[in-house]
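Okay, structure first, notes after.
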Amino acid sequence: MPAHLTVTASGSEHQVEDGTTAGALLAGQHPEDRDIVVARVNGELRDLDHVLADGDEVEPVRVGDPDGLSVLRHSAAHVLAQAVQQHFPEAKLGIGPPVRDGFYYDFDVERPFTPEDLKTLEKTMQRIVKEGQGFRRRAVSDDEAREELAGEPYKLELIGLKGSGAADAAEGASVEVGAGELTIYDNLRRDGSVAWKDLCRGPHVPTTRLLGNGFALTRSAAAYWRGSEKNPQLQRLYGTAWPSKDELKAYQERLAEAERRDHRRLGSELDLFSFPDEIGSGLAVFHPRGGVIRKAMEDYSRERHERGGYEFVYSPHITKGNLFQVSGHLDWYREGMFPAMHLDAELGADGEVRKPGQDYYLKPMNCPMHNLIFRSRGRSYRELPLRLFEFGTVYRYEKSGVVHGLTRVRGMTQDDAHIYCTREQMHAELTGVLEFVLGLLRDYGLQDFYLELSTKDPEKYVGSDEVWEEATRTLEEVAAASGLELVPDPGGAAFYGPKISVQARDAIGRTWQMSTIQLDFNLPERFDLEYTAPDGTKQRPVMIHRALFGSIERFFGVLTEHYAGVFPPWLAPVQVVGIPVSDAHVEHLQQVAAKLREHRIRVEVDASDDRMPKKIRTWTKQKVPFLLIAGEEDVANGAVSFRFRDGSQDNGIGVDEAVRRIVEAVETHAQV
RNA sequence: GCCGGCAUGGCGCAAUUGGUAGCGCACCCGACUUGUAAUCGGGCGGUUCGGGGUUCGAGUCCCCGUGCCGGCUCCA
């Protein structure tokens, strides 16, 4: 064994003594750098006390790096678990991985955690952090692990799963057991005694001290063991952890900002929509202010569809069950549909069935109806691509726990289109649809997109493999040609075909699934759709399903959050409010308002007996884009004074110029 | 669907150990006539989500239902 090893640190070679740790080497390299929390050795993350071998390549990983943050958060999860077992010795450990912005740990406990428990646990975590416990890795055999963790049934289960693909065993389970040897991490006190231990793959930060005061417990919730509703529920504690208190505060500020933008909150503050209990969960009504936004969205969409070669159709909300038998929905999504209404049955006097009656269903999708429109007469290849568009309202029986504001509802209107084309046209048509979709989303103010390709779920599909392959390949080509980032989503497809979905990032960086474009060879088959080809033969068309907003309700919610309620003028429910300095100036503003109305501008004049500053406050809070103020001076000059939502002003603008500016802002979809 | 929390005028909130339901905003009326985010005074408004129970007495405690919130599972 050589006394000296040759290792590579950050690209350059070094001679070090046998037994040198990654941490010691990196400390020599970066003497001032206290942010190094783990090392990447030959591409694998290792603890700093990992002993180097000849030929190792070592890179520092800092706490602010994505990997460094995950390690920090994973270590925070261990500190949480230690605190929990200190207060609740009977608590059994589940798993505790890092997640986006934080971590969680699942426990089997006698009673769920209370908000008070969270406070107590956070204090105990703080104590453990201050104690400066070290994390020490220890390799163990399966049998040793089983013996040490005899009191931890869930960990034993994970040990049993090792090698059978821990990644499938449970989301996050891979942080506990990897594919190779089992390891246990001991938390060591200063005096070397073991404070706590956990089956864990690691790596970890060298000491709990690194958690500083940059962590917090955020909430508790139940979670199914190993992610399956067939399993018992554990109690999950969520936390967040950051390299510093300032970053923790910045994160909490981001959450507060998201809350201020919450469409449910803005929806009631701006009087846009509500969910009356009397109607039922997940069923929205739009108030006049929200209705006008929705109308502006829909009107513009209609106009674009008209120009894009779509034809407008309408279909009912309810249908006999057979339609969804044919389409396959009743086989695949019965659980997600409102239960049947059984109609028209007749019983004889003695109760025997004279006429069996029929089941009617609320429609969960529009496509079967559109297929019937296609099939209503013979179709020629000359008609293809045939693009049928509808604002189609559908009803889905979402489980009670998932209904959420406008983004997950039980009744929604899709801006739904079904395009029927030949296989030859399919590629060009998909390209055109994707272009159309992205262009329209941009017109509504979203700019930042990526694509997701959802492919066949082996458990849930109809049709032949060849057809799926062709459909998937086509979508992949079209997606690639768009130049946007493409993320795979294996198993995410609907039963009838693969899909591309457009994900949009909003103003504060959150992503939302917007449009979906699905290719479908199956429904045309099931509905026996055909057209006559140039040679006189009957051919099967290909079907493209495409929703652009996803649902109008959902898109409405996303736009509300994207703009934080500060809608661009073309979408703002009230575009202009005239504010007189005193009663004497009301008439002047009413004349200005009349001119604006000729251009279909939504304008009001506030002639109430509030004082001017109060009116400014009121309408600024309502986020009206243009306030037009007029007093002595403006009236005398035939002018108005603009005040914008950010408080800036543009005074003494001639009335015609003012009208022109406002109309232009609305027509160009500008933000002001 | 599962786990936990919550539900008080239109909105945001308050109400000791179970003891007469209050406040701000909004709304209505009146006075004031004013140049860039709250003028003053007065008034209306609640079967405390619905139903049942415990109690001399329930906004408060218990049960059922409905709805909302946070997660889990799900999301055509």
Side-chain angles (χ1 to χ4, degrees), chain A residues 104 106 111-115 117 171 218-238 262 264-265 268-269 271 274-283 324 327-329 331-337 363-367 394 396-405 407-410 414 454 457 460 492-497 499 513 516 518 520 523 545 547 550-551 554 579-586 608-622 627-635 641-645 647-649 651-652:
Chain A
Y104 66 79
D106 290 343
R111 63 161 177 85
F113 296 107
T114 64
D117 292 336
E171 188 198 346
T218 47
R219 54 181 156 260
S220 63
Y224 296 106
W225 167 238
R226 290 175 59 201
S228 167
E229 61 183 329
K230 295 187 183 73
N231 288 337
Q233 284 194 327
L234 305 182
Q235 292 300 315
R236 175 172 296 180
L237 290 175
Y238 280 94
D262 192 311
R264 295 166 297 183
R265 177 194 178 110
S268 80
E269 277 174 14
D271 194 14
S274 61
F275 292 90
D277 292 357
E278 292 84 343
I279 297 179
S281 182
L283 298 166
F324 291 115
S327 69
H329 288 95
D331 290 334
W332 295 98
Y333 296 114
R334 182 185 290 273
E335 296 295 297
M337 292 170 64
K363 65 173 169 180
M365 285 185 91
N366 299 303
C367 36
V394 298
R396 298 178 179 181
Y397 185 72
E398 299 286 0
K399 289 194 267 182
S400 63
V402 307
V403 170
H404 180 96
T407 58
R408 194 82 181 268
V409 290
R410 285 181 170 170
Q414 297 181 311
S454 301
D457 179 347
K460 205 166 106 177
F495 69 92
Y496 49 77
K499 73 174 178 206
Q513 179 181 312
T516 57
Q518 289 179 272
D520 183 355
L523 283 185
H545 304 239
S551 83
R554 181 183 157 78
I579 297 181
V581 169
S582 79
D583 285 353
H585 316 115
V586 170
S608 72
D609 55 6
D610 281 337
R611 288 162 187 237
M612 187 201 55
K614 178 62 188 299
K615 292 180 182 179
I616 289 172
R617 176 183 154 86
T618 301
W619 295 107
T620 303
K621 278 177 68 177
Q622 285 295 306
L627 301 187
L628 297 184
I629 296 166
E632 275 307 309
E633 218 174 293
D634 287 309
V635 172
S641 293
F642 282 82
R643 182 188 162 102
F644 300 94
R645 291 175 286 203
S648 65
Q649 301 172 36
N651 293 337

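Throughout, a chain's letter reflects where its sequence line sits, starting with A, and its residues are numbered from 1. Side chains are part of it too, since the values below use all heavy atoms of this structure and drop only hydrogens, waters and symmetry mates.
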Between [N] and [M], how far apart are the two [atom1] atoms, rounded to whole Å?
N: B/C25; M: B/A38; atom1: P; result: 13 Å
N: B/C61; M: B/C2; atom1: C1'; result: 26 Å
N: B/C75; M: B/U17; atom1: P; result: 47 Å
N: B/G53; M: B/G24; atom1: P; result: 38 Å
N: B/U20; M: B/U60; atom1: P; result: 14 Å
N: B/A31; M: B/C68; atom1: C1'; result: 43 Å
N: B/A7; M: B/A15; atom1: P; result: 11 Å
N: B/G52; M: B/U47; atom1: C1'; result: 16 Å

Inset, instruction - Could you list the residues that satisfy side chain to side chain contact (heavy atoms under 4.5 Å, CB included) with A/Asp106, not counting sequence neighbours? - result: A/Ile95, A/Tyr104, A/Ala223, A/Leu234, A/Arg236
Inset, instruction - Just jot down the side chain to side chain contact (heavy atoms under 4.5 Å, CB included) partners of A/Arg410, sequence neighbours excluded, or say none. - result: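 Only A/Ser281, A/Leu283, A/Phe338, A/Tyr397, A/Glu398, A/Ser400, A/Val403 meet the side chain to side chain contact (heavy atoms under 4.5 Å, CB included) criterion with A/Arg410.
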For the pair made of [atom1] in [X] and [atom2] in [N], what is the distance, rounded to whole Å?
X: A/Arg396; N: B/A76; atom1: CZ; atom2: C1'; value: 5 Å
X: A/Arg236; N: B/C72; atom1: CZ; atom2: P; value: 6 Å
X: A/Leu283; N: B/G67; atom1: CG; atom2: P; value: 10 Å
X: A/Lys230; N: B/C72; atom1: NZ; atom2: P; value: 18 Å
X: A/Tyr238; N: B/C69; atom1: OH; atom2: C1'; value: 15 Å
X: A/Asp106; N: B/C2; atom1: CG; atom2: C1'; value: 14 Å
X: A/Met337; N: B/C75; atom1: CE; atom2: C1'; value: 15 Å
X: A/Arg226; N: B/U73; atom1: CZ; atom2: P; value: 13 Å

Side chain of [X] (C-beta onward), nearest among [options]:
X: A/Ser281; options: B/G1, B/C68, B/A76; result: B/C68
X: A/Ala222; options: B/C75, B/A76, B/G71; result: B/G71
X: A/Tyr397; options: B/C68, B/C3, B/G1; result: B/G1
X: A/Ala221; options: B/A76, B/U33, B/G71; result: B/G71

Inset, instruction - Without swapping roles, check the side chain of A/Lys615 against the backbone of A/Ser608 for a donor-acceptor pair under 3.5 Å. - result: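 Looks like yes, one N/O pair under 3.5 Å.
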Legend entry - Backbone N/O of A/Ile616 and side chain of A/Thr620: donor-acceptor pair under 3.5 Å: yes
Inset, instruction - Using the closest heavy atom to pick a nucleotide of RNA chain B for each, name whichever of A/Phe113 or A/Arg219 lands nearer the 5' end. - result: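 Its nearest nucleotide being more 5', the pick is A/Phe113.
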Legend entry - 5'-most by nearest nucleotide on RNA chain B - A/Val403 or A/Ala584: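 Between the two, 5'-proximity favours A/Ala584.
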Determine whether a donor-acceptor pair (one donor, one acceptor, N or O, separation below 3.5 Å) exists between the side chain of [X] and the base of [N].
X: A/Tyr224; N: B/G71; value: no
X: A/Arg408; N: B/C74; value: yes
X: A/Glu398; N: B/C75; value: no

Inset, instruction - Assess the side chains of A/Gln649 and A/Asn651: does a donor N or O sit below 3.5 Å from an acceptor N or O? - result: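 Short answer, yes.
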Which part of the nucleic acid, if any, lies within reach of [X] when heavy atoms closer than 4.0 Å are counted: base, sugar-phosphate only, or nothing?
X: A/Asp277; value: sugar-phosphate
X: A/Tyr496; value: sugar-phosphate
X: A/Gly280; value: nothing
X: A/Gly282; value: sugar-phosphate
X: A/His404; value: sugar-phosphate
X: A/Phe275; value: nothing
X: A/Lys363; value: nothing

Check: [Y] and [X] side chains under 4.5 Å, non-hydrogen atoms:
X: A/Gln233; Y: A/Pro112; result: no
X: A/Arg264; Y: A/Phe275; result: no
X: A/Arg408; Y: A/Arg554; result: no
X: A/Arg611; Y: A/Pro613; result: yes
X: A/His545; Y: A/Lys499; result: no

Legend entry - Dot-bracket notation for RNA chain B, counting Watson-Crick and G-U pairs under 3.5 Å, with | for partners on another strand: (((((((..((((.....[..)))).(((((.......))))).....(((((..]....))))))))))))....
List every contact pair, protein side and nucleotides 8-10 of chain B side both N or O, where the distance is under 3.5 Å.
none

Legend entry - Rounded distance [0.5 Å steps], NZ in A/Lys363 versus OG in A/Ser327: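 The OG atom of A/Ser327 is 12.5 Å from NZ of A/Lys363, to the nearest 0.5 Å.
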Inset, instruction - If a protein heavy atom is under 4.0 Å from the base, mark B; if only from the sugar-phosphate, S; if neither, -; do that for nucleotides 35-46 of chain B going 5' to 3'. - result: BBBBB-------
Inset, instruction - Would you name the heavy atoms of A/Gly652 and A/Asp634 that are closest together and state the gap between them? - result: CA-OD1, 3.6 Å
Inset, instruction - With sequence neighbours excluded, tell me which residues meet salt bridge (Lys or Arg N to Asp or Glu O under 4.0 Å) with A/Asp117. - result: A/Arg111
Inset, instruction - Inspect the surroundings of CD in A/Glu632 and state if more than 12 heavy atoms from other residues, nucleotides or ligands are less than 6.0 Å away. - result: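 No, because the 6.0 Å sphere around CD of A/Glu632 holds 12 heavy atoms or fewer from other groups.
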So, is [X] near the phosphate of [N], with a side-chain N or O under 4.0 Å from OP1 or OP2?
X: A/Ser268; N: B/C11; value: no
X: A/Arg264; N: B/C69; value: yes
X: A/Lys460; N: B/C75; value: yes

Legend entry - Aromatic ring proximity A/Tyr333/A/Phe324, centre distance under 6.0 Å: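 No, the ring of A/Tyr333 stays outside the 6.0 Å limit from the ring of A/Phe324, centre to centre.
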